[in-house]
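Okay, so here's the structure we're looking at.
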Amino acid sequence: MRKRLKKLCIAAAVLAALGVILCVVAFVGSKKAGTELFSQTENEDGNYVYDYEFNGEAIKKLSVSTKYADINIIGGADRDRIELVNFAEQNFRMAVSATTITIEDRDGFAGLFSFNFGGLRNYLNSFRIFGKVKTINIYLTDASSLRLVETKIYSGDVTVKNCNNSADYDFKLKYGSVSVDSLTTGGTLSLVSSDGNIDIVNSTIKKQTSKLTHGYENIVHSEITELDAEIKTGYFKYETGDYDVISSVMTLASDDGRVRYGDDIYENGKFSQGMRYTGISDIVQIVIDVHVEEGNIMITK
């Protein structure tokens with residue numbers, strides 16, 4: 001049994017070596033012929049881009065799970081599409097169903113076990129892409145029917161800009177920040193980050209929740225009907241502008257810090273007003289609930 005296993009290992013090593021030799025020979029030949037060896041080619045900016053166009057009226061859910069990448073979600077586009085920038089082909093998996101697109105990392109070594117030139121050559125191509133900044137750009141048209149955009153990132157930032165829809169946005173990051181500019185949604189914006197910040201500007205959001213371990217949340221000139229924020233170490237700041245929150249139901253609490261509401265400062269770190277209406281009513285009630293363990297809370301006009 002051991003002898004057979006040893007022979008198999010030797011055969012596998014020989015096949016792998018032959019594959020590498022073939023790739024090197026092909027690479028040299030492609031250089032002489034002036035042709036491209038790899039299926040992913042470098043653009044004029046020095047990046048490798050995979051472009052996928054989808055039917056925005058049919059796709060309801062976009063799910064992205066990756067270790068290292070920045071994600072940009074951009075509205076107002078002329079067509080619904082996804083750009084994967086500097087992702088080697090064998091290092092990601094894209095699954096498309098009638099209503100869902102899923103993008104996730106996969107083990108780059110898997111291509112080695114297919115023992116085919118296509119898999120091995122593109123694996124070698126990953127060395128050319130390695131070290132380049134990885135980015136996922138999601139372009140949405142105004143006709144997009146998305147209901148959920150969710151991301152899970154170990155390290156990277158998320159940007160949302162100029163989106164107008166009714167989708168829910170669910171962003172989970174280990175190390176990274178979220179920047180939202182000109183988002184209008186009738187859904188929920190849910191943000192979780194262990195180490196990162198949140199900036200929301202010029203947006204109208206039905207519901208926004210956030211949980212930060214280390215970082216701040218800064219909201220400027222935005223209308224949020226229901227807001228729930230929890231921060232362990234950092235601060236919360238909301239510049240309401242013309243948005244009237246005077247009659248809102250508000251609970252602000254800082255375990256170790258100050259609370260400022262308008263021109264008033266509460267050194268004991270607590271402020272509350274109003275009572276949430278739980279019955280049936282046509283009145284849209286603004287509810288703001290913020291808790292910071294270490295840091296200040298500021299709500300100003």
Side-chain angles (χ1 to χ4, degrees), residues 148-149 158 160-161 163-173 177-194 196-301:
L148 174 61
V149 181
V158 175
V160 182
K161 190 171 184 179
C163 290
N164 186 350
N165 50 47
S166 297
D168 292 329
Y169 295 83
D170 187 357
F171 303 142
K172 293 181 175 63
L173 307 89
S177 299
V178 177
S179 176
V180 177
D181 187 353
S182 303
L183 167 66
T184 300
T185 179
T188 298
L189 174 64
S190 177
L191 312 169
V192 177
S193 178
S194 296
N197 306 316
I198 297 172
D199 287 284
I200 301 174
V201 182
N202 299 327
S203 297
T204 301
I205 303 167
K206 183 178 180 180
K207 184 177 181 179
Q208 190 258 309
T209 67
S210 58
K211 290 185 179 181
L212 298 178
T213 304
H214 302 285
Y216 68 76
E217 178 166 357
N218 183 40
I219 304 173
V220 179
H221 296 171
S222 297
E223 300 180 9
I224 301 175
T225 305
E226 185 174 352
L227 191 156
D228 190 339
E230 295 183 19
I231 302 173
K232 186 172 183 180
T233 304
Y235 70 83
F236 177 91
K237 185 176 181 180
Y238 189 175
E239 294 182 24
T240 59
D242 296 330
Y243 189 45
D244 185 9
V245 298
I246 294 177
S247 59
S248 64
V249 178
M250 190 177 303
T251 303
L252 311 175
S254 174
D255 299 340
D256 185 10
R258 299 187 305 176
V259 169
R260 176 182 174 182
Y261 180 54
D263 295 327
D264 299 323
I265 295 176
Y266 301 85
E267 297 290 348
N268 63 356
K270 295 186 184 300
F271 172 82
S272 64
Q273 69 175 18
M275 181 178 296
R276 185 164 187 174
Y277 184 75
T278 57
I280 299 174
S281 174
D282 293 333
I283 300 174
V284 177
Q285 193 173 36
I286 302 171
V287 179
I288 299 175
D289 191 350
V290 181
H291 177 215
V292 178
E293 291 188 22
E294 296 180 27
N296 299 328
I297 299 172
M298 294 157 281
I299 296 184
T300 60
K301 188 168 182 178

Nearest-0.5 Å distance that lies between atom [atom1] in [X] and atom [atom2] in [Y]:
X	Y	atom1	atom2	value
Ile288	Leu227	CD1	CG	6.0 Å
Asn296	Arg258	CG	CZ	6.0 Å
Thr209	Leu189	OG1	CG	7.5 Å
Lys301	Asp263	NZ	CG	11.0 Å
Leu148	Ser190	CG	OG	10.0 Å
Leu191	Ser210	CG	OG	6.0 Å

Do [X] side-chain atoms and [Y] backbone N/O form a donor-acceptor pair below 3.5 Å?
X	Y	answer
Gln273	Ser247	no
Asp199	Ser179	no
Ser222	Ser203	yes
Thr233	Glu294	no
Arg260	Gly262	yes
Ser254	Gly295	yes

Residue pair [X] / [Y], side-chain heavy-atom distance below 4.5 Å:
X	Y	value
Tyr169	Leu183	yes
Asn202	Asp181	yes
Leu173	Val158	yes
Ile286	Met250	no
Glu223	Ile205	no
Val292	Val290	yes
Ile297	Tyr238	no
Ile198	Leu212	yes

(request) Inspect the surroundings of CD1 in Ile246 and state if more than 12 heavy atoms from other residues, nucleotides or ligands are less than 6.0 Å away. (result) no
(request) State whether the number of non-hydrogen atoms from other residues, nucleotides or ligands found under 6.0 Å of Asn268 atom CG is greater than 12. (result) yes
(request) Would you name the heavy atoms of Gly187 and Asp168 that are closest together and state the gap between them? (result) CA-OD1, 3.2 Å
(request) Can you see which heavy atom on Ala253 is nearest to which on Lys270, and at what distance? (result) CB-NZ, 4.3 Å
(message) Per the ring pair (Phe, Tyr, Trp, His ring centres under 6.0 Å) rule, what does the pair list look like for residues 242-270, sequence neighbours excluded?
(response) Tyr261-Phe271, Tyr266-Phe271
(message) Listing request: all ring pair (Phe, Tyr, Trp, His ring centres under 6.0 Å) pairs with a residue in residues 213-235, at least two apart in sequence or in separate chains.
(response)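 Passing the test, one end in residues 213-235: Tyr216-Tyr235.
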(message) One thing to verify: whether Glu293 and Lys232 come together as a salt bridge, which I'm taking to mean a side-chain N less than 4.0 angstrom from a carboxylate O.
(response) no
(request) State plainly whether the residues Glu217 and Lys211 are in salt-bridge range, i.e. N to O under 4.0 Å. (result) no
(request) Decide whether Thr300 and Glu239 meet the rule of one side-chain donor and one side-chain acceptor closer than 3.5 Å. (result) no
Per the side chain to side chain contact (heavy atoms under 4.5 Å, CB included) rule, which among [options] passes with [X]?
X	options	answer
Val180	Val201, Ile219, Ile200	Ile200
Thr240	Val220, Val245, Ile224	Val245
His291	Asp228, Leu252, Asp255, Ile231	Asp255

